[in-house]
Amino acid sequence: MFYKRKFFTPTVIKNKVVISNFLSGMDGEVDEKLKTPKTPNVCYNFNPFDGALRSAEGVSVLKFKDKQYSFPNNVKSIKAYYYKRFDTSTGSRDDKIVCYCTDNNLYVCPLNSTTGVFNKIADSYYIKPPIAVNYNYYGNDVMLFAVDNGSISVLDNNTLTHYADTPTISNMCIHNERLFATTSDDINTVWFSGLFNPIEWNVSLDGAGYVTIPDEKGKMLNLISFYDYVYLFREYGISRISAYGDQTDFRVDNLYLRHGKIFGNSITVCGDYIVFLASDGLHIFDGINSKKLLPSYDSYFIGVDNQNAQGVYFDNKLFFTADMRLNGNICNVTLVYDFKRKAEYVLKGLNLSHLVSVNGDNYFLFGVTKDYKLVKMDNSGSFLGEATEKIWKNSSSDYGIAVKNKRLYKFTVDTDYEIKVIITCDGENYYYFLDKYDNELNLDIVGNLFQITIISEFQMARVISPTLYFSYVKERLW
């Protein structure tokens, strides 16, 4: 008896895999082997909001009417404040930037300055950077300054006046025309000034007073005026103070929320929400309830000391400067979260300590670097004229082709500027440079797992649709 012989005929199968957009943000909570090729392991200094990789913000030297800022006697800025002021004598805006500097004094420069020179404010010595709030005091726009080992001071135009008979304030906010404050020597009391008078602290039924809030939720961190309430943030909890009408009607409610230890400097009012960083990640709070914001970033923040993390709300976005663990290293970043898009990206290499928003006749974001430079946020994709390094890198993947010996025979990408592409196959790196006119690679790389890294070292960037062309052999039985 004879049997028909069976033959195995090799057939070449071709697959094209397109990374159609870059809308997916980083996700530190999903195992690397489970991430899709669209999800980056690392991505910074790219803005992916329209699906392409475009250059994100950078910073340039702060200027006043094209004049670079300057300080006398080689002093440098440690902390900056925005003094929002209307000059009633001229009927025009006279907004100013105030800086606490390395000689422990305050300096001021109006935004409409033609020289950019900061001038020292007389009698403005502070042992450490003071806290400050804007206030309209009897028709004059002033700025209130305070430190926890000194009194309240009032800056009116360029004159600073100190008031001795006031509390040694550690945190403060303006709410319903009163100044609410905590002191460093009393962990259970919130004080409030007289109505319309932030330097009136004589306790009476129609004047100043205090609210006692016995609690075991740790140190008082910050006071925030938010809608109809004052919110007291402690290390492990939030209390809500109802403070309108007669002070005998003031009421306190402790809110029971789930979060880790709160970093006090991180608490930021963002329109209809308050955002804060805790030891277990970012949280968003609506005045009653809180939930995680960007839980996919938890592992980047957990275990990192972020006592100095600070945020600012600008142009419907949160700009949040903090330390973050990327690629196993702790580095200074600014996380940008867009509330409208509910999406985010990361800026790295800007070396910022904090940012300040200006929202008068001028509208911009500026800040201070960790080496005491005053900078303005812009769309340059650079740090003080030098292009920031922009990186997008995904996880190693078989790209949906469960064949160990597949061949990557071509790679294409749409890019307007030169980029470096690193193709990693089973741990071995292959380096290439592509640009607008030379955007196709003919390859012969055989392996199982592939990883793509895109690097731009130019100020501008626009990268679309990286495409990988695979082939592999499949044997058919005849």
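Neither side chain, Ser92 nor Asp87, offers a donor N or O lying under 3.5 Å from an acceptor on the other. Side-chain atoms of Thr159 and Asn157 form no donor-acceptor pair, as typed in the model, at a separation below 3.5 Å. Looking at Tyr297 and Glu344, their side chains do bring a donor and an acceptor atom within 3.5 Å of each other. If you check the side chains of Ser380 and Asp378, you find a donor sitting under 3.5 Å from an acceptor. If you check the side chains of Asn351 and Thr369, you find no donor sitting under 3.5 Å from an acceptor.
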> Can you list the steps and then say if Tyr227 with Asp272 is a side chain to side chain donor-acceptor pair (under 3.5 Å)?
Replying inline: CA-CA 9 Å; Tyr227 288 122; Asp272 295 332; 2.4 Å; yes
> Can you list the steps and then say if Val230 with Leu223 is a side-chain contact (heavy atoms from CB on, under 4.5 Å)?
Replying inline: CA-CA 7 Å; Val230 174; Leu223 286 168; 3.9 Å; yes
>> Walk me through whether Leu111 and Phe64 qualify under side-chain contact (heavy atoms from CB on, under 4.5 Å).
In response: CA-CA 6 Å; Leu111 286 181; Phe64 296 79; 4.0 Å; yes
> Which is it for Ile455 and Glu389 under the side-chain contact (heavy atoms from CB on, under 4.5 Å) test, yes or no, and what are the steps along the way?
Replying inline: CA-CA 7 Å; Ile455 301 174; Glu389 183 182 54; 4.1 Å; yes
>> side chain to side chain donor-acceptor pair (under 3.5 Å), that's the test. Do Thr467 and Ser465 meet it? Break it down for me.
In response: CA-CA 6 Å; Thr467 304; Ser465 302; 5.8 Å; no
> Between Tyr81 and Tyr100, does a ring pair (Phe, Tyr, Trp, His ring centres under 6.0 Å) hold up when you go through it step by step?
Replying inline: CA-CA 8 Å; Tyr81 313 85; Tyr100 175 79; 7.9 Å; no
> Run the side-chain contact (heavy atoms from CB on, under 4.5 Å) check on Asp94 and Phe86 step by step: do they pass?
Replying inline: CA-CA 5 Å; Asp94 184 30; Phe86 183 82; over 6 Å; no
> Do Asn171 and Thr182 pass the side chain to side chain donor-acceptor pair (under 3.5 Å) test, and can you show the C-alpha distance, the side-chain angles, and the key distance before you say yes or no?
Replying inline: CA-CA 5 Å; Asn171 301 286; Thr182 62; 3.0 Å; yes
>> Pair Lys38, Ser20 - check side chain to side chain donor-acceptor pair (under 3.5 Å), show working.
In response: CA-CA 8 Å; Lys38 289 184 179 182; Ser20 58; 2.9 Å; yes
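Under the 4.5 Å side-chain criterion, counting only non-hydrogen atoms from C-beta, Ile121 is not in contact with Tyr107. Here the side chains of Lys373 and Val368 are not in contact, with every heavy-atom distance at 4.5 Å or above. Side-chain contact between Asp323 and Asp305: absent, with no pair of heavy atoms (C-beta onward) separated by less than 4.5 Å. Using a 4.5 Å heavy-atom cutoff, the side chains of Asn439 and Thr412 are not in contact.
The pair Asp444-Arg407 meets the salt-bridge criterion, since a charged nitrogen lies less than 4.0 angstrom from a carboxylate oxygen. Lys35 and Asp31 are not joined by a salt bridge, as no carboxylate oxygen comes within less than 4.0 angstrom of a charged side-chain nitrogen. Note on Asp95 versus Arg93: salt bridge recorded, some NZ/NE/NH1/NH2 to OD/OE distance being below 4.0 Å. Note on Asp315 versus Lys317: salt bridge recorded, some NZ/NE/NH1/NH2 to OD/OE distance being below 4.0 Å. With respect to the salt-bridge test (charged N to carboxylate O, under 4.0 angstrom), the residues Arg85 and Asp141 do not qualify.
When all heavy atoms of Lys390 and Thr388 are compared, the pair lying nearest together is NZ-O, 2.9 Å. Nearest approach of Met26 to Val346, heavy atoms of both residues: CE-CG2, 3.9 Å. When all heavy atoms of Ile464 and Val413 are compared, the closest pair comes out as O-CG2, 3.6 Å. When all heavy atoms of Tyr300 and Met324 are compared, the pair lying nearest together is CB-CG, 3.3 Å. For Val403 against Lys406, the heavy-atom pair with the smallest separation is O-NZ, 2.9 Å. Smallest separation of non-hydrogen atoms from Ser456 and Ile419: CB-CG2, 4.3 Å.
Atom CG of Asp280 sits about 8.5 Å away from atom CG of Leu277, to the nearest 0.5 Å. Annotation: the span from Ile238 atom CD1 to Ile288 atom CD1 amounts to 12.0 Å, rounded to 0.5 Å. Separation of atoms CD (Glu29) and CD1 (Ile302) is listed at 6.5 Å; rounding is to 0.5 Å. Taken from CZ in Phe458 to CG in Asp435, the straight-line distance is 9.0 Å, to the nearest 0.5 Å. For the atom pair CG (Leu257) and NZ (Lys217), the distance works out to 7.5 Å, reported to the nearest 0.5 Å. The distance from atom CE of Met143 to atom CG of Asp156, rounded to the nearest 0.5 Å, is 12.5 Å.
Residue Glu386 qualifies as open at atom CD: its count of foreign heavy atoms under 6.0 Å is 12 or below. Within 6.0 Å of CG on Asp66 lie no more than 12 heavy atoms contributed by other residues, nucleotides or ligands. Heavy-atom neighbours of Tyr273 OH from other residues, nucleotides or ligands within 6.0 Å: at or below the threshold of 12. At most 12 non-hydrogen atoms from other residues, nucleotides or ligands lie less than 6.0 angstrom from NZ of Lys219.
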Which donor-acceptor pairs under 3.5 Å do side chains of residues 125-134 form with protein atoms, sequence neighbours excluded?
from	atom 1	to	atom 2	distance (Å)
Tyr126	OH	Ser153	OG	3.1
Lys128	NZ	Asp148	OD1	3.1
Lys128	NZ	Asp148	OD2	3.0
Asn134	OD1	Lys84	N	3.0
Asn134	ND2	Tyr82	O	3.1

Could you list the donor-acceptor pairs under 3.5 angstrom formed between side-chain atoms of residues 67-78 and any protein atom two or more places apart in sequence or on another chain?
from	atom 1	to	atom 2	distance (Å)
Tyr69	OH	Leu374	N	3.1

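Judged as a ring-ring contact (aromatic ring centres under 6.0 Å, His included), the pairs with a partner in residues 367-403 (not counting sequence neighbours) are, in order, Phe22-Trp392, Tyr399-Phe470.
Under the ring pair (Phe, Tyr, Trp, His ring centres under 6.0 Å) criterion, Phe319 pairs with no residue, sequence neighbours left out. Listed by chain and number, the residues in a ring pair (Phe, Tyr, Trp, His ring centres under 6.0 Å) with Phe339 are Tyr313, Tyr337 (sequence neighbours excluded). By the side-chain hydrogen bond (donor to acceptor under 3.5 Å, both in side chains) test, Glu57 is found to be paired with Tyr345, residues two or more places apart in sequence or in another chain being considered.
In summary, the aromatic rings of His259 and Phe276 are positioned with their centroids under 6.0 Å apart. Annotation: Tyr363 is in aromatic contact with Phe314 [ring centroid separation under 6.0 Å].
Relative to the ring axis of Tyr229, Arg240 places its NZ or CZ within 45° and under 6.0 Å from the centre. Cation-pi geometry between Lys348 and Tyr44 is met: under 6.0 angstrom from the ring centre, within 45 degrees of the axis.
Looking at Ser55, its side chain never comes within 3.5 Å of a backbone N or O of Met460 through a donor-acceptor pair.
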